[in-house]
Number of protein chains: 2
Amino acid sequence: MRADARKNHDHLLDVAREVVAEQGADASLRDIARRAGVGLGTLYRHFPRREVLLEALLRVRFDELTAKAGELQGSASAGEALTAWLREAVAVAHGYSGAIESMVAAIADPDSALHASCQTMRAAGTSLLVRAQESGAARKDMDGTDLFGLLGALAWLRDQPSLAPKADHLFDVIAGAILARE
Amino acid sequence: MRADARKNHDHLLDVAREVVAEQGADASLRDIARRAGVGLGTLYRHFPRREVLLEALLRVRFDELTAKAGELQGSASAGEALTAWLREAVAVAHGYSGAIESMVAAIADPDSALHASCQTMRAAGTSLLVRAQESGAARKDMDGTDLFGLLGALAWLRDQPSLAPKADHLFDVIAGAILARE
DNA sequence: ACCTGAACACCGTTCAAGT
DNA sequence: ACCTGAACACCGTTCAAGT
């Protein structure tokens with residue numbers, strides 16, 4: 001990549017992260033280009049679809065979540081490890097509100113720019129789920145896709161301003177449902 | 001209301017229900033007016049904000065849900081009654097996909113056209129929740145707003161095409177979380 | 001190679017002009 | 001009273017013209 005292109009690319013990502021944090025994942029692309037001081041066509045050259053931009057923004061976070069899952073694998077309680085990771089994943093999604101919808105859609109669409117990233121993330125969660133299931137901490141009638149679905153529901157709840165006072169409690173209720181009943 | 005106005009009003013509602021069923025709650029208002037064979041200004045005269053139109057569409061369903069809650073009050077198992085009502089409510093919301101977001105927002109916004117309807121619906125759910133709690137069938141650390149939040153999460157899940165194969169199972173997982181642990 | 005911005009086809013919303 | 005559709009300010013997306 002040419003030096004000026006690289007510079008535009010990186011700057012667009014910085015600005016996009018900022019605007020998406022403010023306005024959500026469906027923020028105006030025109031606005032992003034404007035605030036980056038770049039032509040609209042330049043944004044499209046680097047990120048031909050909105051998903052491609054989102055993927056570039058989320059990849060870093062997904063890598064962090066995968067690393068976190070690795071750490072938690074070694075922790076004492078398999079159940080707590082799963083819950084802690086889920087809490088982290090919800091927080092990440094909330095930093096890009098509305099993105100969870102694209103993520104859930106991408107898991108079943110191999111053509112989506114987000115597909116690979118989301119699969120990686122699901123795999124990270126699955127590893128923690130499986131360990132929790134083997135240790136008897138998590139219910140056994142769930143797979144990684146179910147976990148991803150519940151993550152979606154939790155992230156959606158966290159994105160609703162009117163439910164903010166209830167967000168933590170609702171997290172406990174749903175996350176608690178994954179843990180095995182005696 | 002003048003006879004011609006009444007006719008436009010009712011016809012707009014019929015067409016809107018159709019278009020919203022096809023395209024979701026964020027369907028194009030222009031499209032609705034066009035398909036109703038009516039000027040765009042006429043739609044706005046009858047339904048000045050999208051929420052007002054949505055409210056008109058949903059009111060009928062909400063009334064049905066309230067009636068259903070009344071019937072279920074008399075059923076044998078308080079836990080099953082709550083679950084059955086929740087299933088019904090999710091199905092209703094799914095008939096207007098995307099509307100659940102406005103509904104959840106409206107519950108905390110007295111200025112919303114949907115506010116009263118959503119409060120009524122929450123009350124219907126609350127009555128079933130309270131009975132289930134009193135009979136020991138439901139966990140006691142939840143109120144009607146929590147139930148409404150879970151309904152939102154369930155409706156959101158049902159609206160995601162990629163999770164369709166998992167929808168019933170995820171409903172059981174989340175709805176099951178409301179029922180009391182032994 | 002890469003960038004720009006006009007152009008196109010859409011929105012939601014308002015409002016002067018008509019009947 | 002009520003209806004109409006042009007007008008305005010926005011979108012996402014494409015692409016000819018520039019450097």
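Atoms considered below: every heavy atom in the structure, side chains included; atoms not considered: hydrogens, waters and symmetry mates. Keep in mind it's a predicted model, so treat the numbers as computed, not measured. In what follows, every chain begins at residue 1, and chains take the letters A, B, ... in the order their sequences are listed.
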Do B/K166 and A/D143 sit within salt-bridge range, that is, some charged N less than 4.0 Å from a carboxylate O?
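Looking at B/K166 and A/D143, the cut-off is met.
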Side-chain donor-acceptor contact under 3.5 Å, B/S127 with B/Q73
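B/Q73 and B/S127 do have a side-chain donor-acceptor pair below 3.5 Å.
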Taking atom types as modelled and ignoring hydrogens, do the side chains of A/N8 and A/H46 form a donor-acceptor contact shorter than 3.5 angstrom?
no
Look at all strands and tell whether [X] reaches a base, only sugar-phosphate, or nothing, counting heavy atoms closer than 4.0 Å.
| X | answer |
| --- | --- |
| B/L40 | base |
| B/A27 | sugar-phosphate |
| A/H9 | nothing |

Whole angstrom value for the distance that separates [atom2] of [N] from [atom1] of [X]:
| X | N | atom1 | atom2 | result |
| --- | --- | --- | --- | --- |
| B/Q23 | C/dC11 | CD | P | 9 Å |
| A/D26 | D/dC10 | CG | C1' | 14 Å |
| A/L43 | C/dC3 | CG | C1' | 12 Å |
| A/R34 | C/dT4 | CZ | P | 14 Å |
| A/R50 | D/dG12 | CZ | P | 5 Å |
| B/F47 | D/dC2 | CZ | P | 13 Å |
| A/D10 | C/dC2 | CG | P | 13 Å |
| A/R6 | C/dA1 | CZ | P | 16 Å |

Looking at the side chain of [X], which of [options] is the nearest nucleotide?
| X | options | result |
| --- | --- | --- |
| B/R45 | D/dC2, C/dT4, C/dC2 | D/dC2 |
| B/A5 | D/dG12, C/dA1, D/dC2 | D/dC2 |
| A/T42 | D/dA1, D/dC11, C/dT4 | C/dT4 |
| B/S28 | C/dC3, D/dC11, C/dG12 | C/dG12 |
| B/D4 | C/dC11, D/dC11, D/dC2 | D/dC2 |

Using only heavy-atom distances, decide whether a donor-acceptor pair under 3.5 angstrom links the side-chain of B/R30 to the base of C/dG12.
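By the distance-only test, yes, there is a pair.
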Under 3.5 Å: donor-acceptor pair, side chain of [X], backbone of [Y]:
| X | Y | value |
| --- | --- | --- |
| A/S112 | A/D109 | no |
| A/H94 | A/A89 | no |
| A/Q133 | A/A180 | no |
| A/W85 | A/L65 | yes |
| B/E80 | B/S75 | no |

Is any side-chain N or O of B/H46 closer than 4.0 Å to OP1 or OP2 of D/dC3?
yes
Between A/N8 and C/dC3, is there a contact of a side-chain N or O with OP1 or OP2 at under 4.0 Å?
yes
Given that A/M1 and B/R2 both sit by DNA chain C, which one's nearest nucleotide is further toward the 5' end?
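The answer here is A/M1.
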5′-ward residue of the pair B/Y44/A/G39 relative to DNA chain C
A/G39
So what's the dot-bracket for DNA chain D: Watson-Crick or G-U pairs under 3.5 Å, [ ] if a pair crosses, | if it pairs off-strand?
||.|||||...|||||.||
A/D31 or A/G41, whichever maps to the more 5' nucleotide of DNA chain D:
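Checking each residue's closest nucleotide, the 5'-ward one belongs to A/D31.
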